[in-house]
Amino acid sequence: MDTQLSEQLFTKYSHLVYQQCGINLHDGKKALLQARLNKRLRLTGFRSYKDYYDFITQSENAEEMVHFLDAISTNLTYFFRESQHFDLLQQSLLEPLLEEKRRLGNRRIRIWSAACSTGEEAYTLAMCVLPGLGDLKQWDFRILATDISTRVLEVCARGVYSAEKLEKVPANLRRLYFHAHPSGDHEVAPLLKEVVTVRYLNLQTPFPFKGLFDFIFCRNVMIYFDKPTQEVLINKISQFLAPGGCLFIGHSESLTGLKHSLTYLKPAVYRK
Ligand SMILES: C[S@@+](CC[C@H](N)C(=O)[O-])C[C@H]1O[C@@H](n2cnc3c(N)ncnc32)[C@H](O)[C@@H]1O
């Protein structure tokens, strides 16, 4: 089994990752890539980094490419992460949007959690919006949750979380929107699953959407992309924001230096 990833192979892998999903693995990320590759090599039985590279770059092995990208992506997330965003949504943005929609007779509300990881962001959004809607039958409300990692999407679709993961969920919402799962963990209520649609989507590919989104959460993923990739992504995303709709990015991310047509609203929130 290889023990050292050569500079030359590291460069090849980082180009591959950049080209496949936009993630920028600079020199400081070599140890991280190697650790994650080791895991994948152990699981698949490959003994050399080069053989594995040659394997995943053959088109007939596209499935292993998905697992490779799964292995190298960082999936940290939690319920109510960067909670200012959810406060803003609930306290300032949702009601005016609903009023405007009622006035126009438009019952459609769409939110997109782009790069949703294991789903905590999408379910947090559902818990924040549902109480404001009153009678759900009056609305056509959906949250789209997408990610490039099929592994995290399975967790998202299953909607089962440990007690530890629920720590940031207020007790009243825990009672309302979770129930005990036979495993001893907690499962999101059917209502939350009903409004959340889980799909695979690589943000580097064209978006397949027909309609526009009222809110787009694209948080803590751009940080892995370089500036040109971020700029292309932000402009692609903007095209799918409804007029007046808002884009939320991570608080450690920034649109500074990127050409875009959105207006700053609050820290890490931009309006079309
Ligand atoms: C750190 S998580 C962010 C989760 C959540 N948005 C949050 O802020 O807590 C980053 C996610 O981005 C996903 N990701 C990375 N590159 C992607 C791409 N090109 N397309 C879609 N998702 C991607 C990863 O799989 C990972 O689940």
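In listed order, ligands and their atoms are each counted from 1. Owing to the predicted nature of the structure, the values given are computational and were not obtained by experimental measurement.
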Closest to atom 9 (O) of ligand 1 (heavy atoms only, candidates Thr150, Leu233, Leu153, Thr77) is Thr77

Near Glu121, which atoms of ligand 1 are under 4.0 Å from a heavy atom of that residue?
5 (C), 6 (N), 7 (C), 8 (O)

Please compare Thr74, Asn75, Leu201, Thr229 and report which has the shortest non-hydrogen distance to atom 10 (C) of ligand 1.
Thr74

Identify, for atom 8 (O) of ligand 1, the protein heavy atom at the shortest distance, and state residue, atom and that distance.
Asn220 ND2, 2.8 Å

Between Arg271 and Thr263: side-chain donor-acceptor atoms closer than 3.5 Å:
no

Against the six-membered ring of Phe79, is Lys165 placed for a cation-pi contact (under 6.0 Å from the centre, within 45° of the normal)?
no

Numbered atoms of ligand 1 (with element) below 4.0 Å of Leu203, judged on heavy atoms
18 (C), 19 (N), 20 (N), 21 (C)

Regarding atom 7 (C) of ligand 1: of the candidates Arg81, Met222, Glu120, which has the closest heavy atom?
Arg81

With atoms numbered from 1 as shown, which atoms in ligand 1 lie under 4.0 angstrom from a non-hydrogen atom of Ser73?
24 (C), 25 (O)

When you measure from the side chain of Asn61 to the backbone N and O of Phe55, does any donor-acceptor pair fall under 3.5 Å?
yes

Exam field: side chain Asp214 to backbone Arg110, donor-acceptor pair closer than 3.5 Å:
yes

Which atoms of ligand 1 have any heavy atom of Asn202 under 4.0 Å away?
18 (C), 19 (N), 20 (N)

Close approach of Asp70 to ligand 1, heavy atoms, under 4.0 angstrom:
no

So which protein heavy atom does atom 11 (C) of ligand 1 come closest to, and at what separation?
Asp147 OD2, 3.6 Å

For atom 6 (N) of ligand 1, tell me which residue out of Ser113, Ala115, Gly119, Ala145 has the closest non-hydrogen atom.
Ala115

Please answer whether the main-chain N or O of Gly250 pairs with a side-chain N or O of Asn220 as donor and acceptor at a distance below 3.5 Å.
no

Lys50 vs Asp54, test: salt bridge (charged side-chain N to carboxylate O under 4.0 Å, His left out). Steps then yes/no.
CA-CA 6 Å; Lys50 178 170 183 316; Asp54 291 343; 2.7 Å; yes

of all protein heavy atoms, closest to atom 15 (C) of ligand 1 is Val221 CG2, 3.7 Å

With a distance cut-off below 6.0 Å to the six-membered ring centre and an angular limit of 45° from the axis, does Lys168 pair with Tyr78 as a cation-pi contact?
yes

Need the ligand 1 atom indices (1-based, order shown) with element for anything under 4.0 Å from a heavy-atom of Cys21.
19 (N)

Atom 17 (C) of ligand 1 sits nearest the protein heavy atom Ile148 CG2, 3.6 Å

Element-labelled atoms of ligand 1 that are located less than 4.0 Å from some non-hydrogen atom of Ser117:
4 (C), 27 (O)

Show your working on side chain to side chain contact (heavy atoms under 4.5 Å, CB included) between Phe217 and Leu247 and close with a plain yes or no.
CA-CA 6 Å; Phe217 279 62; Leu247 166 68; over 6 Å; no

